[in-house]
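Worksheet: the structure to be examined is printed underneath.
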Amino acid sequence: MHLIARRLREQGFYAEIVPHSAIRKEELEDPRVKAIVLSGGPPSVHVPGAPRIPDWVLDLGKPVLGICYGFQLLAAMLGGRVETGCGEYGRTIVRVLDPGDPLFRGWGSEEQAWMSHGDCVREPPPGSRLLAVSENGYVAAFRAERQGVPIYGVQFHPEVSHTPKGRLLLANFARLAGAEAWWRPENLVDSIVRELRERIREGRVLVAVSGGVDSTVTAVLLRRAIGDRLLAVLVDHGFFREGEVEETLRMLRKAGVEPLLVDARREFMEAVRGVRDPEEKRRRIGETFARVFKRIVEENPDIRYLAQGTLYPDVIESGAAPGADRIKSHHNVGGLPSWLGLEVVEPLREFYKDEVRRLALALGLPRELAYRHPFPGPGLAVRVIGEVTEEKLEIARRASRIVEEELKKAGLYEKVWQAFAVVGDDRWVGVKGDRREEGHIVIVRVVESEDGMTADWTRLPYDVLDSISRRITSEVPGVTMVAYAVTTKPPATIEPQ
Ligand code: XMP
């Protein structure tokens with residue numbers, strides 16, 4: 001769902017996500033809404049309680065495109081035949097029967113497409129046109145009409161990269177619906193700044209900066225809007241990477257933001273001392289952040305607002321899926337509790353990460369910041385498996401720096417989602433010179449991902465792995481073995497803890 005919206009936005013077509021249970025007729029009737037996409041979803045339209053849409057959605061006179069579940073739902077609503085037990089998974093070839101249809105402009109007669117469905121459409125709705133079929137002869141795309149307006153469905157996923165012409169299909173759909181490609185996040189800087197200035201007329205705004213792109217862009221936008229009524233705070237929890245605090249301060253100062261540096265290293269170390277359980281570790285770090293910020297708010301009674309770098313996916317997620325399993329209690333320096341009593345300001349809540357990177361460049365921030373990898377709020381503390389000790393922190397810190405440096409040297413840094421080193425308590429006997437040494441095992445993890453929800457491990461060239469391994473064992477004291485993590489997410493998560 002987010003990928004569909006992102007693929008459209010990347011191509012300049014503005015898209016918003018609305019849960020099927022929250023659609024309102026007045027909203028969809030707005031002339032700025034040019035078309036409607038129904039996303040993938042649950043396994044079958046036949047299961048009780050499967051999401052539906054009201055029939056009036058098809059009578060709005062606006063083109064509709066159903067994808068996967070959305071396609072099957074449309075087929076069922078319009079009288080086609082949806083059967084169970086005819087799933088197709090992974091890379092497939094679809095045969096396009098009507099390459100003249102505007103939805104398939106630029107497609108050949110056979111193209112690769114990604115499928116992931118358990119049910120299939122055996123017969124398209126009566127009166128509709130069959131546009132494409134799958135290798136198994138199931139319906140892969142159809143076009144129906146209401147009052148001369150097209151209602152399309154595609155069984156495959158045009159939003160994923162394994163459907164090479166999927167992006168094009170989405171753009172074709174937007175164009176045939178009369179949508180214009182006007183969306184450019186970087187053009188919005190002035191209006192965001194104006195809105196912030198209008199909203200925050202008095203009082204100060206607290207923003208917790210971490211050196212990441214989201215909190216930095218938030219701080220720089222606020223600085224432009226309200227000048228020195230912004231209080232940017234960088235809490236040094238001691239779990240930053242090598243040189244990170246200094247680099248963050250330098251970069252923020254250059255962007256006109258003078259942050260208050262709070263050295264809380266001792267406090268955080270005390271909080272996690274002796275803790276092995278990952279969730280407990282995260283809880284204590286979160287609690288310590290809250291305590292530090294409570295002190296700052298108490299010392300500065302003129303603070304009225306708390307600015308956070310919340311992004312669009314978090315806004316959508318927080319309103320949806322109650323009861324979804326929580327794998328880890330993620331938090332970042334922005335995730336501060338409501339009992340601080342501050343009004344929350346979220347200037348990035350309309351944007352995806354890649355759009356925030358574009359905003360960063362438009363604000364004149366360095367490319368290095370804009371394309372920085374995500375770094376968890378609890379920092380290296382979750383990259384140390386088991387108890388956090390000074391020794392293990394130092395190993396994670398130095399080894400991570402080496403991993404990043406080697407990836408940059410090989411021109412791979414911006415191609416991967418994250419790259420880091422992890423250390424735990426397991427040991428490996430080594431020989432250094434003619435001396436026996438029982439040293440630590442460092443695990444290197446480099447992954448590719450679209451959004452952090454799923455990830456694949458990166459097939460790094462052997463010579464890059466070799467330089468990483470050699471440098472870590474020779475430059476980081478106490479390490480005798482380097483291993484490479486070759487498990488996808490799922491089943492593993494990206495961070496070890
Ligand atoms: P996992 O380890 O759950 O991580 O697969 C998915 C993505 O989220 C990042 N991550 C965090 N980000 N606060 C954050 O802001 C956190 O507590 C946190 N824990 C994990 C992780 O780096 C990966 O990109």
Side-chain angles (χ1 to χ4, degrees), residues 2 207-219 234-235 237-241 244 248 268 271-272 275 277-290 293 307-315 317-318 321 324-337 346 348-349 351-354 356-357 369 371-385 388 396-397 400 403-404 407 413-422 424 443-458 485-497:
H2 282 301
V207 64
V209 287
S210 64
V213 61
D214 308 340
S215 65
T216 306
V217 169
T218 303
L234 175 63
V235 175
H237 46 28
F239 308 141
F240 281 114
R241 288 163 293 187
E244 194 164 12
T248 300
F268 277 91
V272 297
V275 179
D277 178 62
E279 273 304 285
E280 179 63 10
K281 208 188 267 181
R282 282 172 177 272
R283 197 184 64 73
R284 293 203 189 190
I285 292 172
E287 217 175 64
T288 312
F289 264 121
F293 280 98
Q308 303 195 320
T310 316
L311 303 186
Y312 191 53
D314 307 323
V315 174
E317 247 66 65
S318 59
D325 246 11
R326 191 200 259 192
I327 310 294
K328 290 178 190 178
S329 37
H330 277 202
H331 68 85
N332 50 39
V333 288
L336 291 170
E346 294 170 325
L348 305 181
R349 52 184 287 127
F351 300 101
Y352 283 109
K353 188 84 173 188
D354 47 317
V356 176
R357 297 192 205 284
L369 169 86
Y371 288 91
R372 230 174 84 123
H373 290 169
F375 186 61
L380 296 178
V382 293
R383 293 183 177 172
V384 165
I385 301 172
V388 181
R397 196 174 279 138
S400 279
V403 174
E404 289 188 13
L407 261 89
Y413 180 85
E414 284 186 20
K415 298 205 168 85
V416 304
W417 173 261
Q418 273 171 312
F420 54 88
V422 167
I443 301 171
V444 173
R445 182 125 169 95
V446 182
V447 294
E448 277 149 54
S449 172
E450 283 270 3
D451 50 14
M453 303 298 286
T454 60
D456 195 6
W457 59 280
T458 299
V486 290
T487 302
T488 53
K489 172 182 180 175
T493 53
I494 296 177
E495 306 285 351
Q497 296 240 291

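None of the values given here were measured: they were computed from a predicted structure. Order of listing sets the numbers, starting from 1, for every ligand and every atom in it.
The shortest N/O to N/O separation between R282 and ligand 1 falls below 3.5 Å. Inclusion of G377 in the set of residues having an N or O under 3.5 Å from an N or O of ligand 1 is warranted. Residue contacts with ligand 1: P376 is placed with no nitrogen or oxygen under 3.5 Å of a nitrogen or oxygen of the ligand (distance criterion only).
Shown in contact with T493 at under 4.0 Å from a heavy atom are these atoms of ligand 1, numbered in order with element: 1 (P), 2 (O), 5 (O). Under a 4.0 Å criterion applied to the non-hydrogen atoms of K489, ligand 1 contributes the atoms 1 (P), 3 (O), 5 (O), 6 (C). Atoms of ligand 1 found under 4.0 Å from any heavy atom of G452, numbered from 1 in the order shown, are 6 (C).
Taking each heavy atom of H237 and F239 in turn, the nearest pair found is ND1-N, 2.9 Å. V384 and K281 get closest at one heavy-atom pair: O-NZ, 2.8 Å.
Under the side chain to side chain contact (heavy atoms under 4.5 Å, CB included) criterion, E450 pairs with L3, R6, R7, sequence neighbours left out. For D451, the side chain to side chain donor-acceptor pair (under 3.5 Å) test picks out no residue, with sequence neighbours left out.
Ring geometry for Y413 versus H373: interplanar angle under 30°, hence parallel rather than tilted (30 to 60°).
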